[in-house]
Amino acid sequence: MKYDFAAIEAKWQDFWEEHRTFRVTDDAPGPKLFILDMFPYPSGAGLHVGHPEGYTATDILSRYKRMKGLSVLHPMGWDAFGLPAERYAMKTNIHPRVTTAQNIETFRRQIRMLGLSYDWDREVNTSDPAYYRWTQWIFLQIYNAWFDPRARKARPIATLEVELAASGTVNLPDAPTVSAAEWKQWSRKQRHDFLAQFRLAYIADVPVNWCEALGTVLANEEVAEWTEKGFTVERRPMKQWMMRITAYAERLLEDAAVLDWPASTQEQQRNWIGRSEGAEVRFRVVDREEALTVFTTRPDTLFGATYMVLAPEHPLVDAMTSPEHTEQVRMYRASAARKSDVERGAEKDKTGVFTGGYALNPATGGRIPIWIADYVLMGYGTGAIMAVPAHDDRDMAFAKKFDLPIMPVVDGGTGAPECFVEEGTAVNSANAEISLNGLPTREAKSAMIRWLTDKGLGRSAVQYKLRDWLFSRQRYWGEPIPIIHLEDGTLATVPEDQLPLRLPDLAKFQPSGTTESPLALATDWVNCVDPVTTLKGRRETNTMPQWAGSCWYYLRYIDPKNEKAFCDPAKERHWMPVDQYVGGSEHAVLHLMYARFWHKVLNDLGHVSTKEPFLRLRHQGIILGEDSRKMSKSRGNVVNPDDVVKQYGADAMRLFEMFMGPLEEMKPWSTRGVEGVYRFLNRVWRLYVADDDAHGLLVADGAPGEAFERVYHQTVRKVTEDIESLRFNTAIAQMMIFVNEATKLDGRPRSIMEPFVLLLAPFAPHLAEELWQRLGHAETLAYEAWPVYDAAKAAEPEAEIVLQVNGKVRSKLAVPADTGREELERLATADAAVRKYTDGRKVVKIIVVPNKLVNIVVAG
RNA sequence: GCCGAAGUGGCGGAACUGGUAGACGCGCUGGACUCAAAAUCCAGUCUGGCUUACCCCAGGUGAGGGUUCGAGUCCCUCCUUCGGCACCA
């Protein structure tokens, strides 16, 4: 009988579904293991060949671990809110819910077709009201929390209210001053407004990246993606929901260190957070009360600060500007405001104007001019810098263009490069009170910070590049933000027992025409009354970004049907953290950063038990087209999984994707390669099943030969070790070696051929189940014990010893394994081929590596 | 420009803590089976040389140095590719 993959695969997919083979209960025996895939956005295009790569990897691991006796949580779901469905709805007026449901149907069918062992009882869908109810609930937890800098963690906002009533802001660092007495006298609105500045979710009037064509704002992180696609993004100030992720900068950085994540991903997260140490320095301004505070990483160069620059948006620009410069400052600010951050960054040529104001360099006492320029960004540090042109490239470029003074204060010891930005020795840096001269940069920094601190002119400081997360989107197809804007200007939350706040149905999905989302057009939905205050109000019309649903989906898998909580605490403690997470490296920053942030807030508030959600992370590499270029419709090199499965079967598809090369590497598709593994599966089939039905099974009872037994034990060892370290390509190579050996044999002993099926099962589960059944087993092999190897039987009895003379191979020798050093040396020196090179020469040294080689070093 | 990862046959890729470079697969060549083809099976396949005894010799893991008895593996310099960041003071 021939290998009929189509019939076999359909049969076992039905079997697994019918028997719910891969369902895992919370009290399942064995240690828990949580193996997670990044869930897909169900696009209209269906699954592409990149998806099965990661999914097969986790599937192999899951199947293997089940056979090792672990209880494996391995779920799948849908990241189902998103812009493509909404854009499609704009064109067709078909509700995104409808297209999303269809797309999910396709994805589910395709994933099922690959024989992936998910527990479908745990499927989640982020656009399902029963799911987004809890996304909204988590939003409210975040909204109703503040970051207590003393505890370095989030606490309920109520704790802040208690503290304010008791002691005002006396004990709160960096907070506007309010006494307990004042607080108690304040109105509801005053208290509301004051608390708003502490909440982890807050509304701010910020310059956003507005995309007219999409009718929405984009997060800074998303701008590049859309501009690459040809959309234009402009800056405009808008009221937006923000999340205070910056409060977690330090913890996101610290806690990452213990994670087993790819180095490049760790690095990207570190860069994104962008921590830098330095100092804040206050500069007095000539003839004015206000002072300017700057952040610098090089306080040691303060003596070299010859001018200052403010960001055009800096609030003190007007105060610094003298009457005769007002017009040029106004014009410069106007032109800067029109430019997007991207445009600003693209222009390398420095622009700026003088304000007419002067500050005093606190170290030299000298008058230095104050400029504004858009190379200084309002969003970083204090939005103002001290410019040290001698030791900063940007300041140097600016100083040269506008003919500003340059004062070297660091000696690099290597002549006099135009602009020396590295560390060196301080020079020209002394006043009546302090001298840095002669100090290396590191010491000069701390000496300067000490002096500034003593004089009350500055302090050491840490800055982060990380910005707060722009959370709202002007879209329909996302989670409604459960907030009501009341007529008195305060915000109310939708009560928890009224969640989910459902999306209203709309007839059309076009942008509202204003900067509001299409939800603004649903007037019945928008206008409401707050049940608590009975004030009239308008619902928030912005929705959440697509990241929201994926920030916590792993938690919902643990308890997907719970209507009382987002996840039962006991179940959470049992299953968390995720032991292995696999997904694309395109999520190295955004998804993984946002999810970690939410997780930490939930952890602080006592809702989850671990500091970090994902312990071990791997990325699957991108699969290129057969021409080694990125797959794209326009190049016509896209491979459709449906076609591959139809022609070669799911097992061949899975096996090929794993055999192509290391999981994390980028690699090209190869139809020939698929045929290769397909041939391998046929060879496996024919090892067990005769072409002609009359002969039945080809396995026989009886003891295996020693050599075959050895290959088998070596195969068990290699496959086991390779699965553990996710090196599937070499595991498959070893199984091919085994099959090549088995093919040569006349009689194939059942005692070996049977457990080999189990080794193959994680990789080619349909074929393995079929063979297992034909071998006489009534049950699925999914929970059969994983084969163990015998190290003694796997060991080679003979070792081939390489005989070298001066490092060159001159002969080889077969000896019993573990032959002693003396014996090896004796055999080597006596070897005829070796003696051709050693006779008549002086032996300097003999290196013996047991079971490996003997190297004879001769003089001359 | 800065940071990170990586460069191995005609191709995808193996090679544990420094110890026979090229496992396994693809492709190719030859053979068996067949009227023939497909499928399958067997053998060969880094390059050059010499013999034609697949015996031996020389070279070979992006380039050039170095450490070592011995380097794909460790160190230095450079080149290339991919990924990320890009006026972050």
Among [options], which is the nearest nucleotide to the side chain of [X]?
X: A/Pro662; options: B/rC16, B/rC69, B/rA14; answer: B/rA14
X: A/Tyr837; options: B/rC56, B/rC69, B/rA89; answer: B/rC56
X: A/Phe659; options: B/rA58, B/rU20, B/rG12; answer: B/rG12
X: A/Lys812; options: B/rG83, B/rU20, B/rG12; answer: B/rU20
X: A/Ile847; options: B/rG25, B/rG19, B/rG13; answer: B/rG19
X: A/Phe295; options: B/rC85, B/rG13, B/rA89; answer: B/rA89
X: A/Thr297; options: B/rA58, B/rC69, B/rA89; answer: B/rA89
X: A/Leu377; options: B/rC85, B/rA89, B/rC69; answer: B/rA89
X: A/Thr730; options: B/rA15, B/rG25, B/rG4; answer: B/rA15
X: A/Arg672; options: B/rC26, B/rC24, B/rA58; answer: B/rC26

Using a cut-off of 6.0 Å, state whether more than 12 heavy atoms not belonging to A/Arg275 lie near its atom CZ.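 Counting other residues, nucleotides and ligands, CZ of A/Arg275 exceeds 12 neighbours.
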Are there over 12 heavy-atom neighbours, none belonging to A/Lys401, within less than 6.0 Å of that residue's NZ?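 Counting neighbours around NZ of A/Lys401, more than 12 heavy atoms of other residues, nucleotides or ligands fall under 6.0 Å, so yes.
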For A/Asp831 and A/Lys836, run salt bridge (Lys or Arg N to Asp or Glu O under 4.0 Å): C-alpha distance rounded to whole Å, both residues' side-chain angles, the deciding distance at 0.1 Å, then the answer. CA-CA 9 Å; A/Asp831 186 89; A/Lys836 278 206 314 209; over 6 Å; no
Could you give the [atom1]-to-[atom2] distance, from [X] to [N], as a whole number of Å?
X: A/Glu675; N: B/rG12; atom1: CD; atom2: C1'; result: 15 Å
X: A/Ile623; N: B/rG12; atom1: CD1; atom2: C1'; result: 12 Å
X: A/Leu803; N: B/rC69; atom1: CG; atom2: C1'; result: 14 Å
X: A/Ile622; N: B/rG84; atom1: CD1; atom2: P; result: 8 Å
X: A/Glu267; N: B/rC2; atom1: CD; atom2: P; result: 15 Å
X: A/Asp393; N: B/rC2; atom1: CG; atom2: P; result: 11 Å

Sticking with atom [atom1], work out how far [N] lies from [M], rounded to a whole angstrom.
N: B/rU81; M: B/rU8; atom1: P; answer: 14 Å
N: B/rU68; M: B/rG62; atom1: C1'; answer: 23 Å
N: B/rC46; M: B/rC28; atom1: C1'; answer: 14 Å
N: B/rU61; M: B/rG25; atom1: P; answer: 26 Å
N: B/rA71; M: B/rC76; atom1: C1'; answer: 15 Å
N: B/rC24; M: B/rG83; atom1: P; answer: 33 Å
N: B/rC56; M: B/rA6; atom1: C1'; answer: 38 Å
N: B/rG70; M: B/rG31; atom1: C1'; answer: 41 Å

Let me know, please, whether A/Lys744 or A/Ala384 comes out on the 5' side of the other along RNA chain B by nearest nucleotide.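 This one resolves to A/Lys744.
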Which residue, A/Asn729 or A/Ser264, contacts RNA chain B at a nucleotide closer to its 5' end, judged by nearest heavy atom?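 That would be A/Ser264.
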Partner lookup for [N], please. Criteria are Watson-Crick or G-U wobble with both distances under 3.5 angstrom; report none if nothing qualifies.
N: B/rC85; result: B/rG1
N: B/rU52; result: none
N: B/rG27; result: B/rU45
N: B/rG7; result: B/rC79
N: B/rU34; result: none
N: B/rU67; result: none

Counting only side-chain N and O atoms of [X], is one of them less than 4.0 Å from OP1 or OP2 of [N]?
X: A/Arg683; N: B/rC41; value: yes
X: A/Arg686; N: B/rC41; value: yes
X: A/Arg717; N: B/rC16; value: no
X: A/Lys808; N: B/rG59; value: yes
X: A/Asn855; N: B/rU68; value: no

Classify [X] by what it touches in the nucleic acid, base, sugar-phosphate, or nothing, heavy-atom distance under 4.0 Å.
X: A/Ser276; result: sugar-phosphate
X: A/Ile737; result: sugar-phosphate
X: A/Val376; result: base
X: A/Met666; result: sugar-phosphate
X: A/Arg270; result: nothing
X: A/Asp395; result: nothing
X: A/Arg810; result: sugar-phosphate
X: A/Gly676; result: sugar-phosphate
X: A/Ser670; result: nothing
X: A/Gln804; result: base

Step by step, work out the salt bridge (Lys or Arg N to Asp or Glu O under 4.0 Å) result for A/Arg727 and A/Glu721. CA-CA 8 Å; A/Arg727 292 195 309 250; A/Glu721 289 170 358; 5.5 Å; no
Working to the nearest 0.5 Å, report the span between CZ of A/Arg821 and CD1 of A/Ile847.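 Going from the CZ atom of A/Arg821 to the CD1 atom of A/Ile847 covers 10.5 Å.
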So among A/Asp300, A/Thr364, A/Thr301, which one has a side chain to side chain contact (heavy atoms under 4.5 Å, CB included) with A/Val409?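 Option passing the side chain to side chain contact (heavy atoms under 4.5 Å, CB included) with A/Val409: A/Thr301.
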Applying side chain to side chain contact (heavy atoms under 4.5 Å, CB included) between A/His587 and each of A/His619, A/Met593, A/Met38, report the one that passes.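 Result for side chain to side chain contact (heavy atoms under 4.5 Å, CB included) with A/His587: A/Met38.
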With hydrogens left out and only the distance checked, is there a donor-acceptor pair under 3.5 Å joining A/Glu800's side chain and the base of B/rU20?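 Yes, the side chain and the base share a sub-3.5 Å donor-acceptor pair.
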Would the distance check show the side chain of A/Glu53 and the main-chain N or O of A/Glu657 forming a donor-acceptor pair, the cut-off being under 3.5 Å?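 No, because the side chain of A/Glu53 does not come within donor-acceptor range (under 3.5 Å) of the backbone of A/Glu657.
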Do side-chain atoms of A/Tyr3 reach the backbone of A/Val684 as a donor and acceptor pair under 3.5 angstrom?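 No: the side chain of A/Tyr3 does not pair with the backbone of A/Val684.
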Determine if the base of B/rG9 is syn or anti; take syn to mean the glycosidic torsion is within 90° of 0.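 You should classify B/rG9 as syn.
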With a 4.5 Å cut-off on side-chain heavy atoms, are A/Asn729 and A/Pro662 touching?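 A/Pro662 vs A/Asn729: side chains touch.
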